[in-house]
Peer 1: 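Encoded as structure tokens, here's the structure I'll be asking about.
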Amino acid sequence: MSSHPSPSPQTPDTPAKPVMVPEILAAKGHRKLCMVTAYDYPSAQLADQAGADMILVGDSLAMVVLGMQDTLSVTMDQMLHHCLAASRGCTRPLLVGDMPFLSYQADVAEAVRNAGRFLAQGRAGAVKLEGGREYAPQVKAMVSAGIPVMGHVGLTPQYLNTLGGFRAQGKTAASARAMLDDAKALEDAGAFAIVLEAVPQETAALITESVQVPTIGIGAGNATDGQVLVFHDLLGLFDRFVPRFVKQYAQIGPTMAEALRRYCDEVRSGAFPAEEHTMHLRPEEREKLV
Ligand code: KIV
């Protein structure tokens, strides 16, 4: 790993070249790829300024932003609304829109139309979908239409009811081999990268070595070609549950809560707004009032 330098965060004078699919493909074996989710203008801007290669407008939006119990009820329109907002804060990273439940499963034509909406209306540069070989026809048709597709195998939260919960996958040799077959089917269909979620490191390593496209891990150890984390998880903004594989790089939630508490206290005590937050009439105007 190394001969390709890691991108440096952009500065105001050097607008960085937008990351596109060929750069993601070329990174495999040379440098680790960094992806993070974001769901609006400020979060995308922060991820962009931090130097992320890809920003995922994940359907995790349903849980961490919209407060839903799982990801099954978020709609295409909600995803597009947030994707477009994130696109305004995303100048360098490749913006990936996550296809919500039932936006691609029913048939290929509907899948292509919905994926196309992410590019046309959400201003994404690619889409992601959950599932393996069963969606190879959808992936192939999207790629033929000029829509780059990222696959996602392992723990696929849209299969919550089939999997019996948010459970690690690929824990036996047989299931690891089945996951590898899925990853290969996605690659053969034209996927440019594959997310591996909640799988043992050995399973992730097998898949990473066996496909030519980058693998992006979340709870898959460090043998993958890149990593992704959910914005709210890594910043300590979502505490309903914290998966074991999440590293909280900060605890922004309590800091925000404390700031809001102080604001409420100061409004009640009259300490805010103070003189420096206050504007006054010019004296001649004040005189005319009395
Ligand atoms: O929706 C999401 O945030 C995701 C990532 C966890 C990969 O799919």
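Source: prediction; values computed, not measured. Values below: every heavy atom of this structure, side chains too, minus hydrogens, waters and symmetry copies. In listed order, ligands and their atoms are each counted from 1.
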Peer 1: Please indicate whether any nitrogen or oxygen in Glu130 is less than 3.5 Å from any nitrogen or oxygen in ligand 1.
Peer 2: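 Not met; the criterion fails.
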Peer 1: Give a yes or no on whether a salt bridge exists between Lys184 and Glu187, defined as a side-chain N under 4.0 angstrom from a carboxylate O.
Peer 2: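 Looking at Lys184 and Glu187, the cut-off is not met.
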Peer 1: Does any N or O atom in Glu197 lie less than 3.5 angstrom from one in ligand 1, N or O only?
Peer 2: no
Peer 1: Among side-chain atoms of Glu285 and His280, is any donor-acceptor pair under 3.5 angstrom?
Peer 2: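 Distance-only check fails for Glu285 and His280.
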Peer 1: Check contact between Met35 and ligand 1, using heavy atoms of the residue and a distance below 4.0 angstrom.
Peer 2: no
Peer 1: Pull out every atom of ligand 1 sitting under 4.0 Å from any heavy atom of Lys128, numbered as shown with elements.
Peer 2: 8 (O)
Peer 1: Just going by heavy-atom distances, which of Gly58, Ala38, Ser60 is nearest to atom 3 (O) of ligand 1?
Peer 2: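 That would be Ser60.
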Peer 1: Taking 4.0 angstrom as the limit, do Asp53 and Arg92 come out as a salt bridge?
Peer 2: yes
Peer 1: Let me check something: any side-chain donor-acceptor pairs from residues 242-256 under 3.5 Å, sequence neighbours excluded? List them with distances.
Peer 2:
from, atom 1, to, atom 2, distance (Å)
Gln248, OE1, Gln251, NE2, 2.7
Thr255, OG1, Gln251, O, 3.3

Peer 1: Got the closest protein heavy atom to atom 4 (C) of ligand 1, with its distance?
Peer 2: Leu56 CD2, 3.6 Å
Peer 1: Please say whether Asp98 places an N or O atom under 3.5 Å from an N or O atom belonging to ligand 1.
Peer 2: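 Yes, Asp98 has an N/O under 3.5 Å of an N/O on ligand 1.
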Peer 1: Return yes or no for this condition: an N or O of Thr37 is under 3.5 Å from an N or O of ligand 1.
Peer 2: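 N/O-N/O distance below 3.5 Å does not exist for this pair.
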Peer 1: Going by an N to O cut-off under 4.0 Å, is there a salt bridge joining Arg117 and Asp77?
Peer 2: yes
Peer 1: Answer yes if the ring centres of Phe231 and Tyr39 are under 6.0 angstrom apart, and no otherwise.
Peer 2: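 Not under 6.0 Å, so no.
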Peer 1: Which of the numbered atoms in ligand 1 are under 4.0 angstrom from any heavy atom belonging to Val230?
Peer 2: 3 (O)
Peer 1: Salt bridge or not between Arg282 and Glu287? Use side-chain N to carboxylate O under 4.0 Å.
Peer 2: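 Not counted as a salt bridge, because no side-chain N and carboxylate O are separated by less than 4.0 Å.
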Peer 1: Looking at Ile218, which atoms of ligand 1 are within less than 4.0 Å of one of its heavy atoms?
Peer 2: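 Reading through ligand 1 atom by atom, the close ones are 6 (C).
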